[in-house]
Amino acid sequence: MNTVKKDRPHPEIAEAAAVTATGVPTQAAFGDIHRPLAGSTVPPRQVRVIGLGCGDGRHTVLADWDTGRTAHEFTLHAKPVLARVAEDDRLNPGSGCERCEGLTGCEQPPRVNGLLGIPGPRRPRKRRSVSATDLRVHSRCPAQFHLTRVLHLRSGEPESEPVRRGRAVDDWLNERHRQGSCRGATLPATLPGLSEAEQPPALAMLAQHLLDCPLDGLPPDEHVRVQPRLTAYDPELDVLLIADPDLLYTRSGGWIWHETKTAARRPWEGRELMETYPQLPFAVLLMAAGVPGGDPRRSLIELEMLYESSSGCEEIDPGEPETQAEARRIIAELAGPWAVDETYAPKPGGHCAGCEMLGHCVAGRSHLEAW
């Protein structure tokens with residue numbers, strides 16, 4: 001969609017080549033199934049699979065094989081993967097449920113009527129999914145939400161330093177947490193994707209985390225999940241609710257939902273944390289609805305803030321009635337406009353200066369020129 005995908009799995013390339021080499025050309029009229037084209041076709045002797053970046057126009061050859069090599073690559077790489085998929089009967093709820101025709105009769109994901117606290121749209125719409133980040137971006141600018149979260153457009157401009165730093169810190173923590181606690185861990189000399197000047201602040205934030213890793217001292221029989229995909233379904237709105245906690249682990253029968261944020265300075269003290277970080281009220285509502293489960297009296301939400309020279313951890317009880325009421329208010333205020341929006345009009349403001357979609361937005365550019 002934007003640039004050539006450089007990490008496309010080899011089985012996927014082999015499958016594409018095999019279908020091209022052996023598939024039957026078909027055509028479908030509107031609303032009809034695909035039917036073989038009339039007339040004879042000559043099977044190809046050579047197959048080329050090309051990756052194309054529709055945003056920058058660059059391309060690369062992913063495979064250039066004769067049909068013998070194509071069959072060999074398919075048998076060796078793609079066929080085992082397809083066999084595992086066909087034989088696997090486990091349920092794996094996620095964003096794919098959005099397009100699944102069997103959702104209404106499926107036992108997963110768990111049903112939570114009215115979790116967003118808003119009425120349905122004025123007229124029927126296709127099933128959608130939504131996350132706390134989706135709601136935050138839509139609140140800032142509906143046009144940016146549509147371009148980045150629905151159409152998945154990306155700018156060719158480099159990402160900002162805070163975004164790169166946060167990703168580098170998250171990647172290292174995720175890999176470390178998959179191995180267990182950070183106790184005794186040795187920090188790397190550098191982190192991928194950061195310039196020389198950006199390395200010291202990011203490494204200092206990791207050093208702050210090592211002082212008080214949430215997995216430190218956790219008994220070995222507890223369960224730890226790193227960035228799990230949590231999903232719930234609201235049948236009244238026909239909306240999938242998606243969340244990806246940084247860390248999810250059990251402690252004494254309850255689940256602990258842990259979010260980690262990196263920042264150059266502390267958030268404004270006059271604003272509630274749940275308003276600053278919509279992931280928190282979203283987590284409150286999901287945990288109050290029984291996602292991911294466990295003993296609700298022992299469940300907790302943690303927000304770990306990492307700064308260059310300090311850190312802090314805030315705890316939120318998802319079972320506390322006042323906390324739930326505040327979470328419902330915040331999420332309903334964010335979700336209400338999103339649920340009924342059909343035009344995704346731009347909302348110019350100070351955020352336009354750092355918007356990655358500015359090149360696609362006349363209103364944003366005009367706002368900055370007049371500012």
Side-chain angles (χ1 to χ4, degrees), residues 91-97 108-110 112 115-116 129-137 149 163 166-182 205-206 209 212-216 218 222-234 239-263 267 273-306 311-320 323-324 327 330-331 334-335:
L91 296 177
N92 185 28
S95 55
C97 299
Q108 289 287 343
V112 285
L115 185 139
L116 296 179
S129 62
V130 68
S131 67
T133 302
D134 291 334
L135 296 178
R136 175 178 55 81
V137 175
R149 310 295 293 183
V163 172
R167 181 178 292 111
V169 170
D170 283 346
D171 288 346
W172 190 89
L173 289 177
N174 291 339
E175 185 60 33
R176 182 63 202 181
H177 288 156
R178 290 187 180 98
Q179 304 172 35
S181 169
C182 294
M205 292 175 181
L206 287 177
H209 173 86
D212 193 20
C213 175
L215 301 184
D216 195 3
L218 194 70
E222 301 286 10
H223 300 284
V224 177
R225 301 173 63 188
V226 179
Q227 282 200 325
R229 168 58 55 91
L230 300 182
T231 310
Y233 175 56
D234 185 341
V239 168
L240 282 159
L241 311 167
I242 305 292
D244 299 306
D246 290 325
L247 192 62
L248 193 69
Y249 62 96
T250 57
R251 189 170 63 198
S252 303
W255 280 102
I256 311 300
W257 182 312
H258 189 91
E259 296 283 354
T260 302
K261 300 296 179 185
T262 59
L273 280 177
M274 288 205 301
E275 291 184 339
T276 304
Y277 303 106
Q279 295 95 329
L280 301 179
F282 209 74
V284 168
L285 297 183
L286 285 174
M287 295 194 87
V291 180
D295 187 346
R297 298 169 299 176
R298 298 179 180 271
S299 295
L300 198 65
I301 298 168
E302 297 176 335
L303 173 65
E304 178 185 20
M305 297 296 302
L306 297 178
S311 65
C313 187
E314 299 286 343
E315 295 182 347
I316 297 174
D317 181 1
E320 208 280 319
T323 300
Q324 292 181 12
I330 294 172
I331 294 301
L334 292 172

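A heavy-atom distance below 4.5 Å is not found between the side chains of I316 and L303. No side-chain heavy atom of C97 sits less than 4.5 Å from a side-chain heavy atom of Y233. Side-chain contact between V291 and P110 is present, with heavy atoms from C-beta onward closer than 4.5 Å. Annotation: side chain of T133 is in contact with side chain of R149 (closest heavy-atom distance under 4.5 Å). Side-chain contact between W255 and M287 is present, with heavy atoms from C-beta onward closer than 4.5 Å. In this structure the side chain of M274 reaches within 4.5 angstrom of the side chain of T323, judged on heavy atoms. In this structure, the side chains of P214 and L247 come closer than 4.5 Å at one or more pairs of heavy atoms. The side-chain heavy atoms of M205 and W172, taken from C-beta on, include no pair separated by under 4.5 Å.
Heavy-atom minimum distance, A289 versus V112: CB-CG1, 3.3 Å. Shortest non-hydrogen contact noted between D244 and E259 is O-OE2, 4.4 Å. Residues G94 and R229 come closest through the heavy atom pair CA-CG, 4.1 Å. Here the closest heavy-atom approach between residue P318 and residue A288 is recorded as O-CB, 4.0 Å.
Remark: side-chain polar atoms of R176 are paired, donor with acceptor, to backbone N or O of S181 under 3.5 angstrom. In terms of modelled atom types and a separation under 3.5 Å, the side chain of Q108 and the main chain of N92 share no donor-acceptor contact. With hydrogens and angles ignored, the 3.5 Å screen pairs no side-chain donor or acceptor of D295 with any backbone N or O of G253. At distances below 3.5 Å, not a single donor-acceptor pair connects side-chain atoms of D170 with backbone N or O atoms of R167. The main-chain N or O of E304 is never found under 3.5 Å from a side-chain atom of T260 such that the two would form a donor-acceptor pair.
With values rounded to the nearest 0.5 angstrom, F282 atom CZ is found 12.5 Å from R136 atom CZ. To the nearest 0.5 angstrom, C213 atom SG is 9.0 Å from L218 atom CG. Taking CG of L248 as the start and CG of L230 as the end, the distance is 6.0 Å to the nearest 0.5 Å.
Counting heavy atoms of neighbouring residues, nucleotides and ligands inside a 6.0 Å radius, atom CZ of R298 does not exceed 12 of them.
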Check the pair I242, D134 against side chain to side chain contact (heavy atoms under 4.5 Å, CB included), reporting the backbone distance first and the verdict last.
CA-CA 10 Å; I242 305 292; D134 291 334; over 6 Å; no
Apply side chain to side chain contact (heavy atoms under 4.5 Å, CB included) to the pair I301 and E315, showing each step before the final yes or no.
CA-CA 6 Å; I301 298 168; E315 295 182 347; over 6 Å; no
Would you check, one step at a time, whether the test ring pair (Phe, Tyr, Trp, His ring centres under 6.0 Å) holds for H177 with H209?
CA-CA 12 Å; H177 288 156; H209 173 86; 5.1 Å; yes
Please assess E314 against Y277 for the test side chain to side chain contact (heavy atoms under 4.5 Å, CB included), listing each intermediate value before the final yes or no.
CA-CA 12 Å; E314 299 286 343; Y277 303 106; over 6 Å; no
